[in-house]
Each structure stands twice: as structure tokens, then as C-alpha cells.
Amino acid sequence: MPRSTCADGTTVQNAACCAFIPVRDALISDIFEGTCGENAHSTVRIAFHDAIGFSTSGGKGGGADGSMIAFGDTELAFSANAGIDEIVDDLMPFAIQQGISFGDVIQFGSSVALSLCPGAPVVQTFVGRGNATAPAPDGTVPDPFNPVSMILARMADAGFSPDEVIALLASHSIAAQDEIEPNINRSPFDSTPGVFDNQVFLEVQLRGTLFPGNGSHEGEVESPMPGEFRLQSDHEFARDSRTACTWQSFALNQALMAQKFSTAMTKLSLLGHSQSDLIDCTEIIPQAPPSPRKQAFFPAGQTHDDIEQACATQAFPTTLSTQAGATTSVARVPEQ
Ligand code: HEM
Ligand SMILES: [Ca+2]
Ligand SMILES: [Ca+2]
């Protein structure tokens with residue numbers, strides 16, 4: 001098939017992708033403000049919450065269909081979706097103005113958001129989703145206080161293996177909480193929330209010693225450093241025999257993490273769809289800048305002694321270095 005030339009001079013395999021070039025540019029400038037900040041993070045989160053309303057055995061929604069926006073009156077009232085309303089307020093009028101479906105604004109938007117986060121992989125990205133016909137029922141999105149078995153069972157019901165779940169949790173490298181403890185909103189899950197690195201896998205493996213805010217809350221456990229917030233579910237995934245070795249493998253290998261995440265994200269974005277019904281527009285997704293480092297580091301003041309070894313078959317290596325300087329508080333992600 002001959003390549004088509006778009007209005008801006010870009011050539012693409014499928015002419016339908018031309019229409020998404022101005023959409024991409026407007027997302028970057030108007031929604032994400034050119035940075036891997038709150039709105040980029042929230043768009044990756046809604047990509048999960050919208051898509052996971054799906055079961056391989058049916059009856060749990062249409063997957064990556066934009067139902068989180070189209071049926072927001074229903075789905076945004078579910079407690080696991082607390083806080084998602086903010087990004088819906090941005091993406092809903094944007095999609096209408098651009099003339100694209102809610103399912104596409106979420107999944108295409110997530111891939112574009114990732115392109116602003118240094119270290120993130122390009123995610124194979126499809127467009128052409130139709131409109132949602134019904135809301136997802138409550139209970140499809142895991143809560144951070146759910147036991148590992150329960151989260152793995154829910155994810156398996158949607159078609160994901162334990163290894164794929166851990167790969168998707170690389171997203172918590174560009175993440176913060178607002179809703180569990182609103183007093184310390186925007187407190188991140190790792191010390192580098194603007195970088196898609198593997199710090200979250202290393203830092204969640206460190207011994208928890210403090211609560212960053214005012215004591216404990218449901219779904220929260222102690223974190224290793226001031227300002228950092230740790231989800232109970234992340235903590236348990238890092239220590240459960242079913243997932244600990246995969247968790248550690250990502251702490252030790254950023255390239256592996258990025259590659260497994262990318263594949264799992266594409267799978268997520270296709271829930272409820274046949275790939276052959278959609279159009280592959282990956283070639284208009286920009287490549288993110290590289291991560292500033294190739295290896296994870298111990299935050300200042302922490303060493304290998306602070307690792308809670310959990311993988312039974314491979315010891316955490318002693319080769320990673322400690323960041324220079326005194327322990328500092330992890331800064332909140334600025335509000336957008
Ligand atoms: C599997 C179990 C998971 C649980 C229990 C979980 C739980 C949470 C919680 C409680 C928050 C904080 C929300 C708030 O208070 O504002 C959060 C944030 C986030 N989650 Fe997850 N999550 C899971 C999986 C995922 C997956 C699979 C993705 C994407 C692929 C994802 C992406 C994010 C992102 C990007 C944020 C940050 C949002 C922001 O900073 O605005 N999470 N998650
Ligand atoms: Ca959905
Ligand atoms: Ca990070």
C-alpha cells in the first residue's frame with residue numbers, strides 16, 4: 001500500500017492516522033502542557049480504569065470503550081474511580097471538539113502522555129473505537145486494600161497473567177495519590193514521578209519506616225522516605241511469592257520493564273475490541289526522551305541493607321549505588 005502524505009508533510013501507512021496528528025499536538029499542548037505531570041499521569045490511570053471494565057467471560061462492560069467518560073454519571077461514582085472525574089472534565093470536551101471517540105481519546109491519549117515521560121516506551125497504539133453502549137458495573141477496578149489473590153483473580157478474569165499485572169504497575173513510576181490522604185495530595189509513589197524509570201520497583205522493595213502524612217489510611221502502608229506514599233497493594237506484590245521475582249527483575253532491568261509494560265498496555269487498550277477492526281497509528285506516537293539513568297539507585301541515606309529480600313531464587317545484587325547527599329523529602333507533583 002502506498003504511503004499517504006498528511007497536511008503537515010508526515011507520511012503514514014494508513015491515511016486515517018493523519019487526522020490524529022493535530023489531535024496528538026493539541027493533547028500535548030492543551031491537556032498535558034508539554035510535561036509528564038499530573039494530567040499525563042491521570043490519562044495513563046484512566047486508560048487502565050476504562051479498559052479493565054471487561055471480563056473474558058462477559059458481563060463486565062465493553063473494555064476500552066470510553067464508558068468511563070460516556071457513562072461517567074455511573075462509573076465515576078464507584079469508589080475505586082475517585083479522582084478520575086478531573087481528567088474526564090478535560091478529556092470529554094476535548095474529544096467532542098476534536099471529533100474523536102471517548103475510547104480513542106483515552107487510549108491514544110495515554111500513549112501520547114507516555115511520550116512526554118523520559119524513559120517510557122512507545123506503546124503500539126490503535127484508533128477507531130466506537131462509542132460505549134453501557135457502563136461497566138462496579139467492582140472491576142482493584143482497590144489498594146484488596147489482597148493480592150483478589151487483585152490477581154480480577155486481572156485474570158480480564159485476561160492478564162500475574163507477570164503482566166506487575167508489568168502494568170510500571171505505571172506507578174509516574175504516579176501520585178490524591179484520594180487516600182487528601183491532606184498530602186500529589187504525593188508520589190517513587191522519588192522520580194516525572195520519569196518513567198524503574199525506581200518504583202526498587203523503592204517499594206525498601207523497608208517501610210514512616211507514614212508521609214498523618215498516620216495510616218485504608219490502602220496505605222509505611223514508605224521508606226518522607227513525602228513518598230506507598231500503596232498496600234504495591235507493597236504486597238513486591239513481597240508475594242507469586243510476583244516478587246518479577247517485581248525484582250524490573251527493579252534490576254529498566255529496559256525489560258519498559259518492554260513488558262509496552263506489550264501489556266497494548267493488550268489493555270484492545271480489551272473489548274478485535275485488533276483487526278482498529279487502525280494502527282503507532283507511527284505518529286513520539287518516542288519519549290531517554291531516562292536520565294540506565295539503573296535504579298538507592299535514594300540518599302539508603303543502601304542494600306534496607307532491601308526486604310522477597311524473591312526466593314535470586315538475591316538482590318549489591319551493585320546499585322546510593323544517591324549522594326542527605327535524605328530529602330520527595331516533592332509533590334505540581335497540580336495542573
Ligand atoms: C492492579 C492494581 C492497582 C491498584 C490497586 C492501583 C491503585 C492506585 C491508587 C489507589 C492510586 C492513587 C489514586 C489517587 O488517590 O488519586 C493510583 C494511581 C495511579 N495508578 Fe494505579 N493501581 C493499580 C494498577 C494500575 C495500572 C494497571 C495502571 C496503568 C497501567 C495504573 C496507573 C496509575 C497511575 C498513572 C496513577 C497516578 C495518577 C495520578 O498521579 O494522577 N495503576 N493507583
Ligand atoms: Ca470501559
Ligand atoms: Ca519514576
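We count ligands from 1, going down the list as the structure has it; atoms in each ligand are counted the same way. The first residue of the sequence shown is numbered 1, and numbering continues consecutively from there. Heavy-atom basis, side chains included; hydrogens, waters and symmetry copies ignored.
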| task | Report yes or no: does Asp240 contribute a side-chain atom to a donor-acceptor pair with the main-chain N or O of Arg242 at less than 3.5 Å? | result | yes
| query | What residue and heavy atom of the protein are closest to atom 35 (C) of ligand 1, and at what distance? | reply | His41 O, 3.2 Å
| request: Before signing off on this row, confirm whether His172 and ligand 1 have an N or O atom pair separated by under 3.5 Å. | output: yes
| task | Using a strict cut-off of 4.0 Å, indicate which atoms of ligand 1 neighbour a heavy atom of Ser233. | result | 5 (C)
| message | Under 4.0 Å from a heavy atom of Asp178: which atoms of ligand 1 are those, numbered in the order shown and with their elements? | response | 14 (C), 15 (O), 16 (O)
| message | Do Asp190 and His172 have side chains that approach each other closer than 4.5 Å (heavy atoms only, starting at C-beta)? | response | no
| Is the closest basic N to carboxylate O distance between Arg186 and Glu335 below 4.0 Å? | no
| query | Should the pair Lys260-Asp163 be classified as a salt bridge under the 4.0 Å nitrogen-to-oxygen rule? | reply | no
| said: Among Thr282, Thr266, Asp280, exactly one meets side chain to side chain donor-acceptor pair (under 3.5 Å) together with Gln124. Which residue is that? | reply: Asp280
| said: Using a 3.5 Å cut-off on N or O atoms only, is Arg186 in polar contact with ligand 1? | reply: yes
| Should you measure from each heavy atom of Leu168, which atoms of ligand 1 turn up under 4.0 Å away? | 27 (C), 30 (C)
| Judging by distance only, is a nitrogen or oxygen of Ala176 under 3.5 angstrom from one on ligand 1? | yes
| said: Can you confirm whether Glu86 sits close enough to Ser42 that some side-chain heavy atom of one is under 4.5 Å from a side-chain heavy atom of the other? | reply: no
| query | Taking the Ca ion (ligand 3) as the vertex, how big is the angle to O in Val195 and O in Thr192, rounded to 10°? | reply | 80°
| query | Do any of the N/O/S atoms of Gly63, backbone or side chain, fall under 3.0 Å from the Ca ion (ligand 2)? | reply | yes
| remark: For His49 and Asn81 the tightest heavy-atom approach is ND1-OD1, 2.8 Å
| task | Distance to 0.1 Å, residue and atom name: give those for the protein heavy atom nearest to atom 31 (C) of ligand 1. | result | Ser171 OG, 3.2 Å
| message | Give the atom numbers and elements of ligand 1 that come within less than 4.0 Å of a heavy atom of Leu231. | response | 7 (C), 8 (C), 9 (C), 10 (C)
| Counting backbone and side chain alike, does Ser67 bring an N/O/S atom below 3.0 Å of the Ca ion (ligand 2)? | yes
| request: Give the single entry among Phe48, Phe189, Phe145 that approaches atom 25 (C) of ligand 1 most closely by any heavy atom. | output: Phe48
| Proximity of Pro144 to ligand 1 by residue part, where a heavy atom lies under 4.0 Å | both
| What part of Met155, side chain, backbone, both or neither, has a heavy atom within less than 4.0 angstrom of ligand 1? | neither
| field | Atom of Phe261, atom of Ala167 and distance for their closest heavy-atom approach | value | CD1-O, 3.4 Å
| Can you check whether Phe48 reaches Pro142 side chain to side chain, under 4.5 Å on heavy atoms? | yes
| message | Could you check whether any side-chain heavy atom of Glu75 comes within less than 4.5 Å of a side-chain heavy atom of Ile84, counting everything from C-beta outward? | response | no
| note | Asp190 OD2 to Ser173 OG via the Ca ion (ligand 3), rounded to 10°, gives 80°
| remark: ligand 1 atoms nearer than 4.0 angstrom to some heavy atom of Glu179 are 14 (C), 15 (O), 16 (O)
| Val333 and ligand 1 - part of the residue with a heavy-atom distance under 4.0 Å | neither
| note | Atoms of ligand 1 under 4.0 Å from any heavy atom of Met265, numbered from 1 in the order shown, are 30 (C)
| field | Contact atoms of ligand 1, heavy-atom distance to Ala175 under 4.0 Å | value | 34 (C), 36 (C), 37 (C), 40 (O)
| message | Return the closest protein heavy atom for atom 38 (C) of ligand 1 as residue, atom name and distance. | response | Arg45 CD, 3.8 Å
| field | Non-hydrogen atoms of His304 and Phe316 that approach each other most closely | value | NE2-O, 2.7 Å
| query | Quick one: which ligand 1 atoms are inside 4.0 Å of a heavy atom on Asp143? | reply | 5 (C)
| said: Can you confirm whether Pro286 sits close enough to Arg24 that some side-chain heavy atom of one is under 4.5 Å from a side-chain heavy atom of the other? | reply: yes
| request: Quick one: report the N, O or S atom of Asp65 that is nearest to the Ca ion (ligand 2). | output: OD1
| said: So, 3.0 Å as the limit: is an N/O/S atom of Gln199 located closer than that to the Ca ion (ligand 3)? | reply: no
| field | Check: Asp50 side chain, Met68 main-chain N or O, donor-acceptor pair, under 3.5 Å | value | yes
